[in-house]
Amino acid sequence: MKNFDTIIDDVKLNAKAAAAVVSKKATMFYDASKHRISAETIKRSIGKKLIELGKLTYKATTQDEDLAEEIAKVVEEITELKQNLAIVDAHIASIRNQKICPECSNKVSKISSFCNICGHKFEDEPEEVAALPEEVVEEAKAEDIVVAEKKDEIVEAAEEAVEEIAQDAGESVKAADEAE
């Protein structure tokens, strides 16, 4: 029975480790989801401002009115919204261990040297060059590979525990039958 307690302790330990990883992933997913909602709200606002800009430009052109101030104001608002969107997109990329290509705005892995869409070569940041690949690779291993390994360990421990419980139950039934 001592072996069963050890297995149960191992299962508990593995379950806690898996739960911690799942919790971290869930938090990251939640944060990324909040930022994506924020990004969509900003994109809708940009769309509305672009429509407003188009209407003002059309009106200024067709009615020969001077709406330069109004147009400049809307352009400024669009620029500000796009800057906010870039910040939100950078947060999303950071949460996902990605970086954003400055040429085409594609999101790629932080360890990428080139953009897989436009081919832009990323310049290495001096301080981050030595640490980044190791950090990212280690974190990826810790979050993805270890989770898969822990899952297999948990399943194995559970199967062993079930097998041991079945054996103990069988022995108990056999002992009870012999006692009658």
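- Atom CD of E70 and atom NZ of K55 lie 15.0 Å apart (nearest 0.5 Å).
- If you take CG on L56 and CD on E69, they are separated by 12.0 Å, rounding to the nearest 0.5 Å.
- Atom CG of N116 and atom SG of C104 lie 8.0 Å apart (nearest 0.5 Å).
- A pairwise comparison of heavy atoms in L53 and V75 identifies CD1-CG2, 3.9 Å as the closest pair.
- In plain terms, the two heavy atoms of A60 and I71 that are nearest each other are CB-CD1, 4.4 Å.
- A donor-acceptor contact shorter than 3.5 Å is absent between the side chain of S112 and the backbone of V108.
- With hydrogens and angles disregarded, no donor-acceptor distance shorter than 3.5 Å links the side chain of S94 to the backbone of A90.
- Counted within 6.0 Å of CD on Q63, heavy atoms from surrounding residues, nucleotides or ligands total more than 12; the atom is thus considered enclosed.
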Practice problem: Begin with the C-alpha distance, continue with both residues' side-chain angles, and end with the deciding distance and a verdict on side chain to side chain contact (heavy atoms under 4.5 Å, CB included) for N106 and I100. | Solution: CA-CA 6 Å; N106 182 44; I100 299 174; over 6 Å; no
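- Taking the salt bridge (charged side-chain N to carboxylate O under 4.0 Å, His left out) definition, one finds that E65 meets it with nothing, sequence neighbours left out.
- Both L50 and V74 are part of a single hydrophobic cluster, where members link through side-chain heavy atoms under 4.5 Å apart.
- Distance NZ/K99 to CD1/I111: 9.0 Å, rounded to 0.5 Å.
- Residues H120 and F114 have side chains not in contact (no heavy-atom distance under 4.5 Å, counting atoms from C-beta outward).
- Two residues are said to be in side-chain contact when any heavy atoms from C-beta on lie closer than 4.5 Å; K107 and D89 meet this criterion.
- Under 4.0 Å is where a charged nitrogen must lie from a carboxylate oxygen, and between E40 and K43 at least one such pair does.
- How far NE2 of H35 is from CD1 of I42: 10.5 Å, rounded to the nearest 0.5 Å.
- Once rounded to the nearest 0.5 Å, the distance linking CD of E103 with CZ of F122 reads 9.5 Å.
- For residues 74-84, the side-chain hydrogen bond (donor to acceptor under 3.5 Å, both in side chains) pairs, not counting sequence neighbours, are K49-E77.
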